[in-house]
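Report on one structure; see the data block that follows.
Atom set for the values below is all heavy atoms of this structure, side chains included, hydrogens, waters and symmetry mates excluded. Atoms within each ligand, like the ligands themselves, are counted from 1 in listed order. Residue indices begin at 1 and follow the sequence shown.
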Amino acid sequence: MKIIQVEDYHDLSIKAAQHIITKIQNEPDLVLGLATGSTPKGAYKQMINDFQKNNTSYRYVKTVNLDEYVGLAKNDINSYFTFMNEHLFNHIDIPYSQTHIPNGMAKDLQTECNNYDKLIHSLGGIDLQLLGIGHNGHIGFNEPYTSFKTRTHIVKLTSSTRYANERFFQHINEVPKYAITMGIQTILESKQILLLISGKDKRKAVHKLLVEQNMSEEFPASSLYDHPHVTIIADKAALSLT
Ligand code: F6R
């Protein structure tokens, strides 16, 4: 694991965007795995700035998102579909047909999961997967005790994850109880992984990941120890217990 320490969230966003942009410049038809949540928002903003200033093109990039809530319509204000359009896709030149997010409204969710893995396979696999981390070590929506062998699957969200995401909804009752997520095995098959970690509230998770280094399904992010190309960009606050 390569660890890049940065001062704060602003620096993290710049470094993360640079990492992704360099990769796209070298491989214009990259398959880019994307995440939602608070952490990557700054990096997406920097990518948009770069697109406006330097014209880095996403014309041939294909994206696959990690996850989506079950039961939210695409145009729901809290769907990850809406999030990605608002925070990135609407502002760069990527054709929407090349952006992929699991469909949480699919009639047959299991088929949707299987098809999502097939899609990733048909694209040639993920070249670079962007990740954030949950307080409990989740990656994607793979909660503690998820098998490291999982492929895209349906998950019941833990109450800690639902409460962590409550801030985006009017009320906790509105936070969906289920989601579709790439499995840990699906994530680990990405050729490279970029994990972004910011803020004091992630410091215990970072301690577990970088200091305790105990590989266990109880802490999903520990599955990354086995991956040969993981880069972590973390700010000082997140690293404060290391
Ligand atoms: C988002 C995702 C989640 C988040 C994690 C951290 O697509 O898969 O694993 O990366 O919950 O979320 P934030 O960045 O909001 O702290």
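- Although no hydrogens or angles enter the test, the distance criterion places no donor-acceptor pair under 3.5 Å between the side chain of Y58 and the main chain of P28.
- With ring centers used as reference points, Y69 lies under 6.0 Å from Y80.
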Distances under 3.5 Å, N/O of ligand 1 against N/O of the protein: list each pair and its distance.
unit_1: ligand 1; atom_1: 7 (O); unit_2: T36; atom_2: N; d: 2.9
unit_1: ligand 1; atom_1: 7 (O); unit_2: T36; atom_2: OG1; d: 2.9
unit_1: ligand 1; atom_1: 7 (O); unit_2: D67; atom_2: OD1; d: 2.8
unit_1: ligand 1; atom_1: 7 (O); unit_2: D67; atom_2: OD2; d: 3.4
unit_1: ligand 1; atom_1: 8 (O); unit_2: D67; atom_2: OD2; d: 2.6
unit_1: ligand 1; atom_1: 8 (O); unit_2: G140; atom_2: O; d: 3.4
unit_1: ligand 1; atom_1: 9 (O); unit_2: G140; atom_2: N; d: 3.3
unit_1: ligand 1; atom_1: 9 (O); unit_2: G140; atom_2: O; d: 2.6
unit_1: ligand 1; atom_1: 11 (O); unit_2: H138; atom_2: NE2; d: 2.7
unit_1: ligand 1; atom_1: 14 (O); unit_2: S38; atom_2: N; d: 3.3
unit_1: ligand 1; atom_1: 14 (O); unit_2: T39; atom_2: N; d: 2.9
unit_1: ligand 1; atom_1: 14 (O); unit_2: T39; atom_2: OG1; d: 2.4
unit_1: ligand 1; atom_1: 15 (O); unit_2: S38; atom_2: N; d: 2.8
unit_1: ligand 1; atom_1: 15 (O); unit_2: R167; atom_2: NH2; d: 3.1
unit_1: ligand 1; atom_1: 16 (O); unit_2: K202; atom_2: NZ; d: 2.6

> What do the steps show when you test L72 against M105 for side chain to side chain contact (heavy atoms under 4.5 Å, CB included), and what is the final call?
Replying inline: CA-CA 7 Å; L72 294 190; M105 292 292 275; 5.8 Å; no
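- At least one donor-acceptor pair closer than 3.5 Å links the side chain of R162 to the backbone N or O of V175.
- L131 pairs with exactly one of L194, L224, I197 by the side-chain contact (heavy atoms from CB on, under 4.5 Å) rule, that one being L224.
- Shown here are the side chain to side chain contact (heavy atoms under 4.5 Å, CB included) partners of S190, two or more places apart in sequence or in another chain: I126, Q129, I193.
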